[in-house]
Amino acid sequence: MKKKLLLLCILTLSALGVRADRLLMSLYTRQVLEASIVQPQQFAPVPRAASPFWRQTVSVYMRHSYINNGRGYLGKPWTPIPPSVFREYSLNGNRTNYESRSFALRKQLACMVMAEIMQDSGHFIDDIVKGLRFFQQEVWWGVPAHYPKPLPDPQLQEVDLFNAETANLLAWTCYMLEDRIRQKDRRLCQNIRSEIRRRILIPARTTDYFWKRHSWNHNTWTCANWLSCILFCEEDRQQQISDILQVLKSLDVFIDGYPADGGCDEGPNYWDRATGSLFESMQLLSLASGGKVALPPTDKIKAMASYIYKMYIGNGYYVNFADCNSRLTPNVNILYPLGAALGDEALKHHAAFIAQKNEYFAHPWTLFNPSGVFPSLSRELCFLRLIPAFQREKAEEAHPASSWLPDTEVLTARTTRGLFLAAKGGHNDESHNHNDVGNFIVYADGEPVIIDIGMGTYTSQTFSQGRYGQLYCRSAYHNVPLINGCEQHEGRQYRAKRVNYSTSGQQTTFSLDLSEAYPPETAVRKWERTILLEQDNGVTITEDFALSRYLQPTDLVIVCCGKPSLRSGNEILIDRGSSSCRIIFDRRQLSASIEKIVHQDPAIRNAWGNNELYRIKLRVLGKKLNSKISYAIRKA
């Protein structure tokens, strides 16, 4: 009933001429919030640790998993990170040394808190109290890559991703366990909340941070944590409502900046902290308002939610355009509640499939402990309310036959014989951009064959003017042409034009002109790329080009996972065992060369396991200024 009323309200606002943007601020005015949101100090999103709810709702197997995981941290020291490690980022660009230690400390606390909630024995409280005292003394809760000085200053409390995430962790810890913590230290939780007000609430409300004005993950990720801090820690009613209105204003910026097709140009890797964190924020407000404030089920928001499974390939692989890992395990603690809130059956089924594949109902800590960052108490505890329904959910791997995002200009399609294709247009100023207009990937039976390398290890260079010196950001290491020996250039003006998509029962066609993705010195007048996927005949790439002059040879680049070998002069075999593919070309038009991609990046190595990466170059023969060339990709 509440969802129907909310949808009716949305439609009414539209009929009255209310702008399509600023949706949340239009729906949830100060008057609505004052009538709906709980009073300060009254926010109770889930039962506290002592409640029998957790023993009655969460199975004994799941509870033992959380408890056993927490036991591994008992007695572990809370070791401060030396200032010299923080300073490494400003000296040599290394950010992973500090981040790995910082995240490990937060994981240490989160895992013991979850264990204590599930056991309710007091067994973990001494260590948790030591952890809270440790974080109380830490000068800044964030990471050096997000701080403007070489060393943290107690008076400069910038609000960004990980200090807000830490504050959220501490706020939830105090809410869930305050009675037991008070037995050890009467004022500790009070002091923690005071620190959260000083470090998060005051600077967040008084500073126009960049993340409030951008439609990317920093916005929603920070807002979700900021909102938890407001609901748990703000003591003044008028200030509480004013702060929530600021959060809604920022979230509206995020929603308004998204295209109607719901495409996340940051890639699936960041979807969890982009659209996922938008839902997390609105879920908190729903819990704080008895469901009166919730995520509006508009067409755009539904499209934003469905993006994650539209990008699913199979075997845990996702389309990894932009800064994105090839293999992901999206958090079921956000997938399922979001699917349930929007009535998206495919999203709910896919969440259940991930849970089944990872044995979540026996070993939930494996998904509660994400790699690279620290667990979210907020998400997991809110999600566990839904465990009985989730256990009954149908588990079904998402396999959409095709999807087309006309605004983001991303296509996915698959054949009944096991080939998967994804391709993109867009421009070269996307969030976490790679110079990759016209790029495509091909998987066979859910295994990578022709790939996007993805993301490398983040350093200070990653988000600096030197970004496009990195191998994985350059167009020379994507599946796009080196025209007259030239690479694509970064910037919004370097984009695809005349992008077209069509599909029928037997074939899918994607075409675009790449010429404007290259700088003027490339001397390209037209480069029309057509990618055809046929159910019975694989993928065919056609390049129809016109140059104003010949400068040097043009190469068609193909990056592959697995060692390629030249066969019969016009065929390249990419050996992937039962998932192998052939590239077939006309040797009257093209010659082939193969080179191993040499790199020392651990993130790239981890992404592709023991598989070596290679770059195939199909060189256009002769010096013709106009030509039409095709090559094919077939299962071996």
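Every heavy atom of this structure was used, including side-chain atoms; hydrogens, water molecules and symmetry mates were not.
- Taking the six-membered ring for Trp and the full ring otherwise, the centers of Trp221 and Trp226 sit at least 6.0 Å from each other.
- Nearest heavy-atom pair across Ile604 and Met455 is CG1-O, 3.8 Å.
- Trp172 meets the ring pair (Phe, Tyr, Trp, His ring centres under 6.0 Å) test with Phe232; sequence neighbours excluded.
- Ring orientation note: the planes of Phe390 and Tyr336 are tilted relative to one another, at an angle of 30° to 60°.
- A salt bridge between Arg379 and Asp272 is present, with a side-chain N of the basic residue lying under 4.0 Å from a carboxylate O of the acidic one.
- Ion pairing of Arg180 with Asp120 is present here, as a side-chain N (NZ or NE/NH1/NH2) and a carboxylate O approach within less than 4.0 Å.
- The aromatic rings of Phe103 and Phe374 are tilted relative to each other, their planes meeting at an angle between 30° and 60°.
- Note: Ser102 OG to Ile81 CD1 = 5.0 Å, rounded to the nearest 0.5 Å.
- Here side-chain hydrogen bond (donor to acceptor under 3.5 Å, both in side chains) pairs that include residues 352-363, with residues two or more places apart or in two chains, are Tyr66-Tyr360, Tyr360-Glu380.
- Exactly one residue among Leu105, Thr79, Leu109, Val129 makes a side chain to side chain contact (heavy atoms under 4.5 Å, CB included) with Phe134. That residue is Leu105.
- Ring geometry for Tyr458 versus Phe463: interplanar angle over 60°, hence perpendicular rather than tilted (30 to 60°).
- Nearest heavy-atom pair across Tyr309 and Ala398 is CB-CB, 3.7 Å.
- The aromatic rings of His350 and Phe353 lie parallel to each other, with less than 30° between the two planes, well short of the 60° mark.
- A cation-pi arrangement is present between Arg199 and Trp141, with the terminal nitrogen or guanidinium carbon under 6.0 Å from the aromatic centre and inside a 45° cone about the axis.
- Ion pairing between a basic and an acidic side chain is recognised when a charged N comes within 4.0 Å of a carboxylate O; Arg205 and Asp243 show such pairing.
- Note that CG of Leu328 and OH of Tyr318 are 6.5 Å apart. Values are rounded to the nearest 0.5 Å.
- Looking at residues two or more places apart in sequence or on another chain, you find no side chain to side chain donor-acceptor pair (under 3.5 Å) involving Asn92.
- The pair Lys184-Asp126 meets the salt-bridge criterion, since a charged nitrogen lies less than 4.0 angstrom from a carboxylate oxygen.
- Ring centroids of Phe210 and His218 are separated by less than 6.0 Å, placing the two rings close together.
- Checked for salt-bridge contact, Asp208 and Arg213 meet the test: a charged N lies under 4.0 Å from a carboxylate O.
- Ring geometry for Tyr98 versus Phe86: interplanar angle over 60°, hence perpendicular rather than tilted (30 to 60°).
- The distance from atom OG1 of Thr298 to atom CD1 of Ile255, rounded to the nearest 0.5 Å, is 7.0 Å.
- Salt bridge Glu88/Arg95: absent, no basic N to carboxylate O contact under 4.0 Å.
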### Message
Glu34 vs Arg237, test: salt bridge (Lys or Arg N to Asp or Glu O under 4.0 Å). Steps then yes/no.
### Response
CA-CA 9 Å; Glu34 287 178 343; Arg237 175 62 166 178; over 6 Å; no
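- If you run salt bridge (charged side-chain N to carboxylate O under 4.0 Å, His left out) between Glu195 and each of Arg198, Arg197, Arg193, only Arg198 comes through.
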